[in-house]
Amino acid sequence: MQDILEGLNNAQKEAVEYIEGPLLILAGAGSGKTRVLTHRIANMINKGIRPYNIMAITFTNKAAGEMRDRVDKIVEYGAEDVWVSTFHSACVKILRRYADRIGYSNDFSIYDTEDSKRLIKNVVKDMNLDPKLYKEKVILGKISDFKNKLVTVSEVRERAKSDYKLANLASIYDRYQVALKGNNAFDFDDLIMRTVELFVQCPDVLESYQNRLRYIMVDEYQDTNVAQFTFIRLLAGKYKNLCVVGDDDQSIYKFRGADIRNILQFEKYFKEAKIIKLEQNYRSTKNILNAANSVIKNNYERKDKTLWSDNEEGEKVVVHESEDAYEEAEMVSSSIKEAVDYGKADYSEFAILYRTNAQSRILEEKLMLKSIPYKIIGGQNFYQRREIKDILAYLRLVANNTDDIAVERIINVPKRGIGDASVERAREFASINKMNLYDALLSVDEIESLARASKKIAKFTNMIEEFKKDLAKFDNKEKKEDGNPYTLLDLTNKILDETGYRAELIDENTDEANGRLENIDELLSKVSEYENNTQEPSLAAFLEDVSLVSDIDNLSDDSSYVVLMTVHSAKGLEFPNVFLCGMEDGLFPSFMSIMDEDSNEIQEERRLCYVAITRAMKHLTISYAKRRMVRGETRYNSISRFIKEIPLNIVSSKNVTDLKEKKPAFAKFGGYEGAFSYDGGSGYMGGKSKVSSRGGNSTMRKKPAYSMPSKKPAFGKAFEVTKADIDYAVGDRVEHSKFGQGTVIGIEDGPRDYQVTVMFDTVGQKVMMASFAKLEKVD
DNA sequence: TGGTAAGTAACCAAG
DNA sequence: TTACTTACCA
């Protein structure tokens, strides 16, 4: 066994050795937090704490696996008993055991976003609401917000007293929950919320887990939401040996409910909490770290910490300008090709990062053209592909025949003459008789309106019943005629054959169909891989595994390919060489964040940018294009404001228009605007604000600069912002359309507009631009 | 009921 | 650009 403290710096050692009681580790990017966590677990085991009593929650399954491996290497025994998992898998495990205590059955299904949306669509239809007004996506987003904050149906009802739209939402939420329960299914957010509910309703269950999980660690703590925080707070409530690791500067999941206050509240809930800061970065060169620091320091709501590094200075950060996205992709792919051809690097050392998944297509094209091996993370997940979801729906229905969404999905796939009208009639019958869709289909003879389709439906249900028998044989470990036991692979193959799903694709014989067949083969190998690597395989557990894999989980470290992913996906990863593409205002930072009057959005984008930059170890190339096709329309965006926040002395620019010549101009006016002749939204960036964007003046730096992406090239009339007339002052009460009432606690004058800080009664402190915020003074 | 053509809304990020 | 819904006919 190696010395657990060897090679750690003082802060790291302290964190590894501080085992009892609550501990908050503020770990900057690349400060070796995974190392600290693994060594800490090893140290605990060494000290005699049973691995069985330790839990570590990570962000992805991949991180969980890696952590276990690393602990294994250090302690050489027992690590397999440490419970390392994500929030979602941990909750599923708990629910799988105790779901019956809260009125579900233990063979429940897990609904992904697509399934949930279908269910909501049904609910909206059943309520006779206008589907155009109640879009599934929007509704699901709102329900998801509620669940992430543990807001129950009755609480929404309570809030909705005089608001009929909200009242409708409450009803949808209500019916959606009833439907989920009727289908014996949990959606992603339910997994957490219902587990919390279980803990609250069944203290004995909670206590059994408290007694088992005496030492709990949570990674990426800054991205936990209220529900997740409550989950761990309850678990750690008895022994209070809770260690959380996070970095407020890397909080990038506010959109799915992450609440940065969890870091602040930590000291509130765990009063005697110890705080340790890890501020030495081991990952990046000084130049890269400087770039990251100079961007993030423009955020004003952050915990005080300074990341420093002993690493070499390294090369300058490259900023590259392209005419369009194709040229950008060309630059990226040829740079990679060149480096590899000259033996300077391996493909695996490159990552291409972007803000939105849509950007991957063109990059992919160019990589393919140059025969560069690559892998795209995210976008269309393997398990979200149509053919895979179809087959999984069959399996789900066989495992849990109350799963109406699964029935609806595959009842006519492949086509067997049971059309929408028939399904609708069956659904009606089921809902009148308060039964599940599949049960309604089983008693199809009683449904007069379905006389025409009854034969076809019976054929379908007979087939499913047959599959169920096979599953029972598998569960009972019965032997086939050839003496071998029944397997899940057999069942899956049988489904593919009996339904004619495979045959249909073979007949089609198009590229697309063949691709789908390949995917199905891959699914089959995943089934058998699961069976062969699991002690007690079960269909439910397999389905659970596949519904919780994240995109990142499929990324392996030892394969030689370039990876492409969004910045969000890249969180927690590092690469020697990083290309950060599409650094344009309107794309990164996103259009939405620029337009939002609430500057918190921009701050979140800036943290995202910070995450992106700090992924790079040795080389960082930041790239932007002058024009870009968005939804078939050419946009002319200006260079990202975040690039402008990086000091010029650590930037080397390739192909950037006349940067060198214009440098004197820059010194004079301060800003890239002179260098880049196209700056589409230059209107607002004129005058003094140029200086502010370079960061010479700390008050002005806080001002977000607004520039609309223009559809015309060059110097089209930019978005005009007129300084708002404000009739309120610090200390006044004001009202905002979205946030309600609050007190003005600060007003800063800028060249174009006032920046107003308001402490709202319900949503807390917000900083906003006066002209956008339209604040009304309250007397 | 199922296939095709035309029309239109959508992309911000994820388990 | 692409993916999905709507309209129409066999």
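Naming: A, B, ... by sequence-line order, numbering from 1 per chain. The model shown is predicted, which means the values in this text are computed figures rather than measured ones.
- For the side-chain contact (heavy atoms from CB on, under 4.5 Å) with V244(A), the qualifying choice from T224(A), V218(A), I57(A) is V218(A), the only one to do so.
- Q228(A) and N262(A) form no side-chain donor-acceptor contact under 3.5 Å, judged by distance and modelled atom types alone.
- Using a cut-off of 4.0 Å between Lys/Arg side-chain N and Asp/Glu carboxylate O, E544(A) and R96(A) are scored as salt-bridged.
- Applying the side-chain contact (heavy atoms from CB on, under 4.5 Å) test between D126(A) and each of E428(A), R427(A), K121(A) identifies R427(A) as the sole match.
- The C1' atoms of dC12(B) and dT5(C) are separated by 23 Å, rounded to the nearest whole Å.
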Tabulated below should be each protein N or O lying under 3.5 Å from an N or O of nucleotides 1-6 of chain B; please produce it.
residue, atom, partner, partner atom, Å
dT1(B), OP1, S422(A), OG, 2.4
dG2(B), OP1, G417(A), N, 3.0
dG2(B), OP2, N412(A), ND2, 3.3

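- Going from atom CD of E387(A) over to atom CZ of F382(A) covers 7.5 Å, rounded to the nearest 0.5 Å.
- Scanning both residues, T356(A) and Y354(A), for their nearest heavy atoms gives O-CD1, 3.0 Å.
- Pairs of Watson-Crick or G-U wobble type, with distances under 3.5 Å, assemble into runs of 3 or more in DNA chain B at these ranges: B:1-10 with C:1-10.
- Judged by the 6.0 Å distance and 45° axis criteria, R256(A) is positioned over the aromatic ring of Y253(A).
- Residues D585(A) and R641(A) are paired through a salt bridge, judged by an N-O separation under 4.0 Å between the basic side chain and the carboxylate.
- A gap of 16 Å separates the P atoms of dC4(C) and dA13(B), to the nearest Å.
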Contact letters for nucleotides 10-15 of chain B, in which S counts primed atoms plus P, OP1 and OP2 and B counts the base, heavy atoms under 4.0 Å: BBBBBB

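- In this structure N400(A) satisfies the side-chain contact (heavy atoms from CB on, under 4.5 Å) test together with S109(A), N184(A), T402(A), D403(A), sequence neighbours excluded.
- A cation-pi contact, defined as under 6.0 Å to the ring centre and within 45° of the axis, links K571(A) to F59(A).
- Residues that satisfy the salt bridge (Lys or Arg N to Asp or Glu O under 4.0 Å) test with D249(A), not counting sequence neighbours, are R302(A), K305(A).
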Enumerate the protein-to-nucleotides 4-8 of chain C contacts in which both atoms are nitrogen or oxygen and the separation is below 3.5 Å.
none

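- The backbone N or O of M565(A) lies less than 3.5 Å from no partner atom in the side chain of S569(A), so there is not a single donor-acceptor pair.
- In summary, D130(A) and K132(A) do not engage in a salt bridge, as defined by a charged side-chain N under 4.0 Å from a carboxylate O.
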